[in-house]
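Reading through the structure tokens given below for one structure.
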2 protein chains.
Amino acid sequence: MAKPPVLTPRADDFPRWYQDLINKAELADNGPVRGTMVIRPYGYGLWERMQQEMDARIKEAGAQNAYFPLFIPQSYLTREAEHVEGFAPELAVVTHGGGKELEEPVVVRPTSETIINEYFSKWVQSYRDLPLLINQWANVVRWELRPRVFLRTTEFLWQEGHTAHASREDARDYAAHIHRDVYADFMENVLAMDVVAGRKTVRERFAGAINTLTLEGMMGDGKALQLATSHELGQNFAKAFDTRYLSKDGGQEYVWQTSWGSTTRMIGALVMTHGDDNGLRVPPRLAAVQVVVVAVKEDEAVLAAVRELADRLTKAGVRARVDVRTDTPFGRRAVDWELKGVPVRIEIGPRDLASGTAMLVRRIPGGKEPVSVESLPGLLPGVLEADQALLLAQSRERRISRTSEVATFDEAVEVATGGGWARLPWSALGPEGEARLGEHGVTVRCLVAEDGSVPAADDSPGNVAVVARAY
Amino acid sequence: MAKPPVLTPRADDFPRWYQDLINKAELADNGPVRGTMVIRPYGYGLWERMQQEMDARIKEAGAQNAYFPLFIPQSYLTREAEHVEGFAPELAVVTHGGGKELEEPVVVRPTSETIINEYFSKWVQSYRDLPLLINQWANVVRWELRPRVFLRTTEFLWQEGHTAHASREDARDYAAHIHRDVYADFMENVLAMDVVAGRKTVRERFAGAINTLTLEGMMGDGKALQLATSHELGQNFAKAFDTRYLSKDGGQEYVWQTSWGSTTRMIGALVMTHGDDNGLRVPPRLAAVQVVVVAVKEDEAVLAAVRELADRLTKAGVRARVDVRTDTPFGRRAVDWELKGVPVRIEIGPRDLASGTAMLVRRIPGGKEPVSVESLPGLLPGVLEADQALLLAQSRERRISRTSEVATFDEAVEVATGGGWARLPWSALGPEGEARLGEHGVTVRCLVAEDGSVPAADDSPGNVAVVARAY
């Protein structure tokens, strides 16, 4: 009799598979307040590695980290009309503090454009102060009626960048720089996730932006997930908060701004992009543990060999750790490492010692084979890079094979509701067609140019709309 | 006519000097909601370095990072009687979310013992799951009626550790381990701050703890500041949240717990410990920028020499950056680096190039001298270590010179209200004497043993009470 599967198979019930994996790989639990989550150590470890890689890229782009308050006076939100309209339905409001009712209620930040502009107005005096490039790592709250762990949560963790520039061109270039050299670079080269880079339609733009750039990924079930966005804010917030600077020719000018964010949703994206019926598969460049060296049994010589190999791997630049929990059955530990998606497992038992071999188990392509222990420090860096490349190739292959070129609204709906992505000329859809997509639970994920680049405008000739169901 | 001082001199008005320094060194601004703060990039850079150093020590102590929700159901707080009594007056309460009044109000976490125990109860099943060692980096909110930036703020950033153990001894040892090998080690060896390690009296304990270990530092005005605390929680939260485990002999036992925290208050402590009338002095091991190489004037050869030296210093393991903002007057830049407290400034101008020298300006001991550029990469690592040691020695010297051994309540009050610390036998004070200290604005900061170690109990023979005014 076959063992029952560890997880609900993806083909049976993809959402349930996702929730099973999150629970059994110990990534997160639901929080007690609806829509909140507890990020468990293994899940948080993924986030820490994401932060390290992203933070390095953000600093390379010249932005400095800072921290703005969680609490924003309610009146700030109302100063930019589209912004408050977009966020009002999602706000959490603090009405009591220190045992008293507050004179003015404060909102828990859903995003920080308003409070940051209040300070940019003080800090920016002249053109010498520009560009002002700020980032913060923080928690934000958007009340969520249909929560799903990591993907849509009432509280989530993110980074939000906020910048002010002397010209529209400078702001536009910086938003594009972040989109390409921070976000797309990180997604493809660290997360091994294929992404489509495009611009949002007016309908899908950030509340208060004049342009939103997005990266969209295809998940294992063919649905789209918005992975990170970079906005040109124009002068909307500058005018609402009177953020002006003395220009070189002595005039007072409003600044041009950007904002850009990426969130713990990326953990959910990682699961739904690379996970399989046995659990998660973590890209080696992201993995805090790239190789786990497992002692099959309690045995002094085995434990010594395991520790020695892990040390040699560490010296070879591999992030290795040992598993010497020999009071837990070997099979259970193997299932746990599969669930957690550590890229490579090296198993060493008493019989292996005699032959100088170990079992090399590869989580990403699958399969196992005995190899000489001596060869491992030389072998593994190449194995890990091959696994990294394979994940990206699989992700890309999925997107390509499930994307169809179509010519009509009806065809686009058929493809998207069937679990694929449709590419439809934007001229054949337009804002009116886009509005009708909603009746079918389908949206325009982004517009891309004919040559695959990001269009300069919604109505650039040849623009293609990518139409899909989305999380 | 002498120039006006950049900062209010400490001797004139210490609190105003502190606020001046925070503003002019661009560490922080006050936030719009009372008691909140905006941590500016230079201040946040100090926090990032603190986080790196602390996080490495916390992981070395075996704890793993995780993240628990910001919002806690109000009912959780009430389960541990002392805990709710301690925190109720400081809570911020969310009553509305997503446009509706909530059925049960939620509080913004003031600390996370309650919500973490809710999950520990699920995660801990057997003795094999212990010890469970968790840390989180997060923001917390305690409504503050008399705020002071960094020292007492309505919202602050911190790390909070939470652990569960199988025995009281194991919990006690772990709380002491954190107190000594994470907190005291970090304060002395990175922040270069002299600390007194002791235990809090019952009156000063954390709400819900059975023992609180503390580190107390003496600020530049002789007042004390509590820098970090490590608590034994006994089984108080375990009983309130039914956190039990299956013991080796098959019984169901409550776990023994610890919690421990350190906050952005450490930035304020850094200012008040090492700051002088010219600004901050940052300990070299903490400094993100240890050496700034300054181009005195716009000159191609000067700029090249500045960049080349900074590169060579970086290669020598020094955290160096260049200042080539030659469109800002040199004097203003020099004042700014003094304010920000970068340990070493190397100034290079056209005349220096000819002689192969540069001006070495040392912020920590003060003084400047010309040195050969060639010698700097070899010289500076030793200079920085000497500066680090000097700051610690000055901090220690201050505490020793302003601490008095006294025998009576009245003498203790006289010393403490005069801006020093009094050491008084606890047997001569006791809980009743301690209660009366409040009339004089004075508290027992901690109890220490005769030999300077941390006492095992409040009433251990020979215990000495350290009595002072405090922030």
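Each chain gets a letter, A, B and so on, in the order its sequence line appears, and its residues count up from 1.
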Study note, to complete from the structure: Heavy-atom nearest pair, E155(B) first then P69(A), reads OE1-CA, 3.4 Å

Check your understanding: With a 4.5 angstrom heavy-atom cut-off, which part of N135(B) approaches chain A: side chain, backbone, both or neither?
Key -> neither

Check your understanding: Do you know which of D327(B), I116(B), L145(B) has the most heavy-atom pairs under 4.5 Å to chain A?
Key -> D327(B)

Practice item. Identify which part of R142(B) has an atom lying under 4.5 Å from any heavy atom of chain A, answering side chain, backbone, both or neither. Key: neither

Revision key, fill the gap. If one checks every heavy atom of D55(B) against chain A at 4.5 Å, the contacting part turns out to be side chain

Practice item. For E90(A) and G98(B), indicate whether the former's side chain and the latter's backbone hold a donor-acceptor pair under 3.5 Å. Key: no

Study note, to complete from the structure: From the list A92(A), A138(A), G99(A), the residue making the most non-hydrogen contacts under 4.5 Å with chain B is A92(A)

**Study point:** Salt-bridge contact D29(A)-K122(B) (side-chain N to carboxylate O under 4.0 Å)
**Key:** no

Exercise for review: Could you check if a side-chain atom of Y67(B) sits within less than 4.5 angstrom of a side-chain atom of L157(A), using non-hydrogen atoms only?
Suggested key: yes

**Study point:** Sub-4.5 Å side-chain heavy-atom contact between F71(B) and V141(A)
**Key:** yes

**Study point:** Region of P89(B) that comes under 4.5 Å of a non-hydrogen atom in chain A
**Key:** backbone

Exercise for review: Measure the shortest side-chain to side-chain distance between I134(B) and Y44(A) over non-hydrogen atoms and say whether it is less than 4.5 angstrom.
Suggested key: no

**Study point:** Atom pair OH (Y42(A)) and CD (Q64(B)), whose distance is rounded to the nearest 0.5 Å
**Key:** 11.0 Å

Practice item. Could you tell me whether the side chain of K100(A) reaches within less than 4.5 Å of the side chain of W143(B), counting heavy atoms only? Key: no

**Study point:** Working for side chain to side chain contact (heavy atoms under 4.5 Å, CB included), residues R40(B) and W123(A)
**Key:** CA-CA 10 Å; R40(B) 300 187 67 174; W123(A) 300 342; 3.3 Å; yes

Review point. Can you check whether L70(A) reaches L70(B) side chain to side chain, under 4.5 Å on heavy atoms?
Key: yes

Check your understanding: Using non-hydrogen atoms only, which part of Y76(B) is less than 4.5 Å away from chain A: side chain, backbone, both, or neither?
Key -> side chain

Check your understanding: Heavy-atom distance under 4.5 Å to chain B: side chain of V108(A), backbone, both or neither?
Key -> side chain

Exercise for review: Go through P73(A), A66(A), G31(A) and name the one with the most non-hydrogen pairs under 4.5 angstrom from chain B.
Suggested key: A66(A)

**Study point:** E48(B)/K59(A) ion pair, N-O < 4.0 Å
**Key:** yes

Review point. Any side-chain heavy-atom pair from N139(A) and N139(B) closer than 4.5 angstrom?
Key: yes

Revision key, fill the gap. Given T36(A), T95(A), T154(A), the one with more heavy-atom pairs under 4.5 angstrom with chain B than any other is T95(A)

Check your understanding: Between N65(B) and W47(A), is any side-chain donor less than 3.5 angstrom from a side-chain acceptor?
Key -> no

Point to revise | Neighbour count >12 (heavy atoms, 6.0 Å) for atom CD, Q52(B) | key: yes

Revision key, fill the gap. d(R128(A) CZ, T328(B) OG1) to nearest 0.5 Å is 6.0 Å

Review point. Do P32(A) and I115(B) come close enough that some side-chain heavy atom pair is under 4.5 Å?
Key: yes

